[in-house]
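Have a look at the structure below, then the notes.
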Amino acid sequence: MAIKLDQILVVDIESTCWEKTTPPEQESEIIEIGICPLDIASGERLNKESLLVKPERSSVSEFCTQLTTLTQEQVDRGITFSEACSTLRKNYLSKERIWASYGDYDRSQFHKQCQSRSMTYPFGNRHINVKSLLAVFYALPREVGMAEALELLNLPLEGTHHRGKDDAWNIAGILSTLLLNARRGSFNSP
Ligand code: AMP
Ligand code: MG
């Protein structure tokens, strides 16, 4: 399939999680897919959307609600993981576009969840890891978390950290800054 180079789909997922160990009979599942398409030519963030996904093999712990603000009641009103993957493909042309996330967690969790349900992976094979890209662009001594990256670039942390749609928006801001700085040739210091 030909790659469309109009937008990069910046994606950030939230999943069911626990403070220590995963309870027996449960597994970590995606409960929010945050999406922020970034216009490649202008570096503008186009919008942000949250797809809430109802978990089928786990429930939202108190710890998970504290981290993400998402409650069981909220995700119970969500769509299925299969419907969410269809929305990515149909509304965002996710198979044809480059997508990006912060670190490798989102990519590996999508792979894992699709594999365990015998479902088709909703993305193509073009993925940008913004966390490693930032570290190599600025020759940082180590990769840094999203909040630290925003500070480094003098960007505000907008919305609620650990909500997929707000994380996706902020990560798209980091990627946009990298792209625009690269085009300006202003790479010496963040
Ligand atoms: P994030 O994009 O940083 O909000 O994290 C994505 C997902 O990773 C969360 O929805 C959790 O499932 C998991 N996660 C992140 N931080 C923690 C943590 N401190 N303890 C347990 N799970 C976490
Ligand atoms: Mg997040």
Side-chain angles (χ1 to χ4, degrees), residues 8-38 45 47-81 84-85 87-88 92 94 99-117 121-123 127-135 140 142-153 155-177:
I8 297 171
L9 302 177
V10 180
V11 171
D12 184 89
I13 59 166
E14 302 306 326
S15 310
T16 49
C17 56
W18 298 271
E19 187 164 12
K20 290 186 182 114
T21 51
T22 306
E25 318 288 323
Q26 295 200 44
E27 64 187 52
S28 181
E29 294 175 286
I30 296 172
I31 50 175
E32 183 185 16
I33 303 172
I35 312 147
C36 176
L38 183 70
R45 289 171 282 192
N47 64 294
K48 60 174 173 180
E49 187 183 11
S50 167
L51 302 176
L52 292 185
V53 180
K54 188 180 160 105
E56 292 162 351
R57 303 176 183 178
S58 60
S59 44
V60 178
S61 67
E62 213 178 294
F63 172 80
C64 189
T65 300
Q66 272 170 19
L67 182 75
T68 64
T69 74
L70 291 165
T71 62
Q72 184 69 47
E73 291 67 36
Q74 262 174 298
V75 299
D76 275 344
R77 294 192 295 270
I79 56 181
T80 65
F81 181 59
C85 289
T87 300
L88 286 170
Y92 291 96
S94 56
W99 73 292
S101 60
Y102 205 81
D104 200 45
Y105 168 75
D106 306 73
R107 195 187 63 83
S108 73
Q109 180 64 28
F110 257 106
H111 265 298
K112 215 185 289 175
Q113 197 157 330
C114 288
Q115 206 157 35
S116 78
R117 286 156 173 78
Y121 182 65
F123 298 103
H127 175 260
I128 295 174
N129 180 333
V130 181
K131 191 182 201 177
S132 51
L133 195 67
L134 173 82
L140 303 179
R142 56 177 178 86
E143 292 187 344
V144 298
M146 188 198 83
E148 200 177 329
L150 290 166
E151 268 178 47
L152 197 75
L153 299 175
L155 296 172
L157 198 164
E158 295 178 70
T160 306
H161 190 16
H162 300 302
R163 269 305 303 267
K165 68 171 178 195
D166 293 328
D167 284 352
W169 176 264
N170 287 314
I171 294 161
I174 295 169
L175 181 56
S176 171
T177 302

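Indexing begins at 1, ligand by ligand and atom by atom, following the structure's order. For this chain, numbers begin at 1 and follow the sequence in order.
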>> Tell me the protein heavy atom at minimum distance from atom 17 (C) of ligand 1, and give that distance in Å.
In response: Leu67 CD2, 3.7 Å
> For Glu158, does its backbone N or O pair with a side-chain atom of Asn170 as donor and acceptor, under 3.5 Å?
Replying inline: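 It does hold such a pair.
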>> Is the ring pair Phe123/Trp99 parallel, tilted or perpendicular, if the boundaries are 30 and 60 degrees?
In response: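 Parallel: the ring planes of Phe123 and Trp99 meet at under 30°.
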> Has Phe63 got any heavy atom lying under 4.0 angstrom from an atom of ligand 1?
Replying inline: yes
Evaluate [X] for polar contact with ligand 1, using N/O atom pairs at a separation under 3.5 Å.
X	result
Ser28	no
Trp18	no
Ser15	yes
Glu14	yes

> Quick one: does Glu29's side chain get under 4.5 Å of Arg117's, heavy atoms only?
Replying inline: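 Heavy-atom side-chain distance check passes, below 4.5 Å.
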> Is there a side-chain contact between Ile35 and Tyr92, using heavy atoms and a 4.5 Å cut-off?
Replying inline: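 Yes - at least one pair of side-chain heavy atoms lies under 4.5 Å apart.
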Report, one line per pair, each donor and acceptor closer than 3.5 Å where one atom sits in a side chain of residues 62-79; sequence neighbours left out.
| residue | atom | partner | partner atom | Å |
| --- | --- | --- | --- | --- |
| Thr65 | OG1 | Ser61 | O | 3.3 |
| Thr65 | OG1 | Leu70 | O | 2.8 |
| Thr68 | OG1 | Cys64 | O | 2.7 |
| Thr68 | OG1 | Leu70 | N | 3.0 |
| Thr71 | OG1 | Gln74 | N | 3.2 |
| Thr71 | OG1 | Gln74 | OE1 | 3.4 |
| Gln72 | OE1 | Val60 | N | 2.8 |
| Gln72 | NE2 | Asp76 | OD1 | 3.0 |
| Gln74 | OE1 | Thr71 | N | 3.1 |

>> Any salt bridge linking Arg142 with Glu148? Criterion: basic side-chain nitrogen under 4.0 Å from a carboxylate oxygen.
In response: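 Glu148 and Arg142: salt-bridged.
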>> With a heavy-atom distance limit of 4.0 Å, tell me whether Asp106 approaches ligand 1 through its side chain, its backbone, both, or neither.
In response: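 Looking at Asp106 and ligand 1, no heavy atom falls under 4.0 Å.
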>> Is the contact between Ile31 and ligand 1 made by the side chain, the backbone, both, or neither, using heavy atoms and a 4.0 Å cut-off?
In response: neither
> Of all the atoms in ligand 1, which lie at a distance below 4.0 Å from a heavy atom belonging to His162?
Replying inline: 1 (P), 3 (O), 4 (O)
> For the Mg ion (ligand 2), how many protein N, O or S atoms come closer than 2.8 Å?
Replying inline: 3
